[in-house]
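One structure below.
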Amino acid sequence: MADAPQLPDEAETRARWGNFAWTPENAVKAQEIMGRYPAGRQLSCSIPYLDLAQRQVGAETNTQGWLPIPVIEFVARELGVPYIRIFEVATFYTMFNLVPVGRYHVQVCGTTPCMLRGSDDVMAACKARGMKKGHTTEDGLFTLTEVECMGNCSSAPMVQINDDNFEDLDYDRTLVILDALARGESPKTGTQEPGRHTVEPLGEPTNLAAMETENHDYRGEW
Amino acid sequence: MPKLTVDGIEVEVPAGATVLQACEAAGKEIPRFCYHERLSIAGNCRMCLVEVKPGPPKPQASCALPAADNQEIRTDSPMVKAAREGVMEFLLINHPLDCPICDQGGECDLQDQSIAYGRGHSRYTENKRAVTEKYMGPIIKTIMTRCIQCTRCVRFGEEVAGVEDIGAIYRGENMQITTYLEKAFKSELSGNAVDLCPVGALTHKPVAFEYRSWELKKNLSIDVMDAVGTNIRLDSRGRQVMRVLPRINEDVNEEWAHDKTRYHVDALVRRRLDKPYVRKDGKLVEASWDEAFDAIAGAAKAAGSSVAAIAGDLVDCETMYAAKALVKALGSDLLEGRQTGLAYDVSNLGSVAFNTTIAGVEDADAILLVGSNLRFEAPLINTRVRKAIKKGAKVFAIGPETDLTYKVEWLGNDLSILGKLPDRAAEALDAAKKPVLIVGPGALKDGQGATLAMAEAFQRDGWNGFNVVHTAAARMGGLMLGYAQKGGIADIVAAAPKLTFFLGADEVNFESFKDSFKVYVGHHGDNGAHHADVILPGATYAEKPGTYVNLEGRVQRADRAVFAPGDAREDWTILRALSDRLGHTLPFDNFEQLRAEMANEVPALGREGMAGYEFSPPKLAAKASGALGYPIADFYLTNAICRASPTMQRCSAELIHGEDFAEAAE
């Protein structure tokens, strides 16, 4: 249980967030989300509602956002379900932060494909900029988390920073991105490999090469 | 009706049955942890794996697989054996080997099943997972490292108790069962979650480390904490009742019992009256039985036939019958059991009984509660109402709004609403095939006529939907034995008896009996004992055999589990001995004779089962108005026994009055 987050002091969060309510824009969005599901199935809204709430908290604190207990309770009340049902959802998904995070939430993938392609270097680059796993830097800019596979294996290694993915990283490229973010710029998202657009093969195709020109039947060769 | 074979045995099961049920029908034991008959199917423990043909060539979880025609199930194949051993090995990876200090030891599903289906040794040499303890309130003690995450407690809270406090947070390896923010589990049924726990993760906090299950002697009894008549088992060691467990009775309590039933037992050895007392110069002093009887004989002489008996909420029919016989022998018929002053008409017992039967509530499709906080008055009927709602019943209620654990349409808090129900309610009740009216003790005071006037609307062919909820275990038995005056206890007060017997009656307003010589026959030093002139120490329900009639009119018998402490005696023997001293010897010398006499007078009390009351409501004034109230303010402290119980005091302080006992996390 050592890596389970320690919830921040309850009295403090209640004092700060006890009056949480949708902003007018988010109230409209919440209404629209609710409309997507049939009546009596409000529980389906729990994930989009929690996400919306986390973003609102993020906007208020100028961070990526997190879910204080009173906000989770607010969402539960909005949906008319017991608190524990929403709390279960919020604790289940790692994209919901139960503790405050920095302006940029740096989520480094450390699962096998990324690890083989050099996620240790990415992690080292993050640490070189003063980050520590599970902590926010002193200036409140970065929070570092190691996460499991984000599904970008063909452009490994990768990090997810807030809503964006940065792929095909190495030590230097990671530093460039982090420094750009620290300066308040918006670096190019997606692959960082020059000449690559998305996750198409780099250079010559190495497998299924015969498929390039025609619909080739490989079965005889297996 | 699918027909299938289990290990070569052909069985036919009802449509919708699962493979697990089919296996049970064939007499095969299927090990399980998460599956429970009374909860929804989760299918997450994987212990019930069996081989199913046709189907994929791998073991299947039988609890979540519907039985189908021509299936061939094997529960004895090598594949099944290997699957069970594998699942068991995984479960034991993170389960501590602390059976010697675990309260569940000896009655643990995991222990039993690992012996029956496990490998017998472990190949696991890594570190085990450890989980911090969770605070769940005054009843449930947690040792969460033992949890195998079957989620039975979560489902119980959601489906049966209706108090969604327990949940599973985090995921995978880090998943933990907890109450929301580690607050107390605020259900009056929380003890059942402990029983459901197949391992020692949830144990009974009040009796932690007090006993081992195999030391206990088991006796069958009937609960007296409310009028439902929960079937219970009293587990005792030596002369002390250590715990109460529910017995399965589908007609009454299914397999549940509420916390008052379970945890009042620590009071059976506290604040007990174990010697006779006589009031001398305004002070109660210890006395011998002879001295106490002499004092009563003196008073009886002066009183002549001005004698009355008032029965408390917990007494058995035999005690009431013996007291009735004594009062009669002294030349009086002043008997009353409704201590707090209720005075409803009892000329027809069917009009004050729970006519649909408790199990019948499940079939209801529209329910109207009048002045009834069922959650406190009869929690096990409340669970039936929840079941009815799950099947689609609508519930309306008249009374002060309160949390009944389910959605209720509150019609207001005034008896006058009875005569002119809002259209929505009236339509729903009219259209219902099995409408149910539940009249609580809050409405009996002023609303009996008005509710009886409505009874007609709740009659269908073969269905009488008129129900009255009582809160005292002695009530129906007392009414059958004639413990009721027309004007209630006020009539007794008006008759100003010179000698009054209080049979464990503690809720009486003793001020109105100032001039009477008060004899208290009871077991706990509570209100009644404080006001008595003579105290005769009696036995609690656990210390005497007895007959109890529940609110449906179901006659049930309880056995003695232990003997009464000190000089205390079974109540009927006290009354018999006293009658001898007063010169009116009662005509029975042993318990069997007493029962036979009682059965002679009230034949229904002679056989177990439904007494079968006629329903012919008396004509009463149907006009009523005024606000309703619920008589039970504090669920955990309703009678002398639970007021003497430290556990119930703690429950009351924490769950009703909101005192904070949460332990600081270390």
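Below, read A as the first sequence line, B as the second, and so on, with proteins coming before strands; counting in each chain starts at 1. Please read these numbers as outputs of a predicted model, since none were measured by experiment.
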Write out, in numerical order, the residues from residues 81-90 of chain A with a heavy atom short of 4.5 Å from a heavy atom in chain B. A/Pro82, A/Tyr83, A/Ile84, A/Arg85, A/Phe87, A/Glu88

Do B/Tyr180 and A/Ile69 have side chains that get closer than 4.5 Å, going by heavy atoms? yes

Does B/Lys394 have more than 12 heavy atoms from other residues, nucleotides or ligands lying within 6.0 Å of its NZ? no

Give a yes or no on this: more than 12 heavy atoms of other residues, nucleotides or ligands lie within 6.0 Å of atom NZ of B/Lys183. yes

If you draw a 6.0 Å radius around CG in A/Asn19, do more than 12 non-hydrogen atoms from other residues or ligands fall strictly inside? no

Check whether A/Thr91 reaches the backbone of B/Ile169 with its side chain - one donor and one acceptor, N or O, closer than 3.5 Å. no

What I'd like to find out is whether the side chain of B/Arg171 reaches to under 4.5 Å of the side chain of A/Thr94, using heavy atoms alone. yes

Other residues, nucleotides and ligands only: do more than 12 of their heavy atoms fall within 6.0 Å of OH on B/Tyr124? yes

Does B/Phe90 CZ have over 12 foreign heavy atoms under 6.0 Å away? no

Tell me, for B/Val163 versus chain A, whether the close heavy atoms (under 4.5 Å) come from the side chain, the backbone, both or neither. neither

A quick test of your reading: do over 12 heavy atoms of other residues, nucleotides or ligands sit less than 6.0 Å from CZ of B/Arg146? yes

Greater than 12 external heavy atoms within 6.0 Å of B/Asp423's CG: no

Is the number of heavy atoms from other residues, nucleotides or ligands within 6.0 Å of NZ (B/Lys407) greater than 12? no

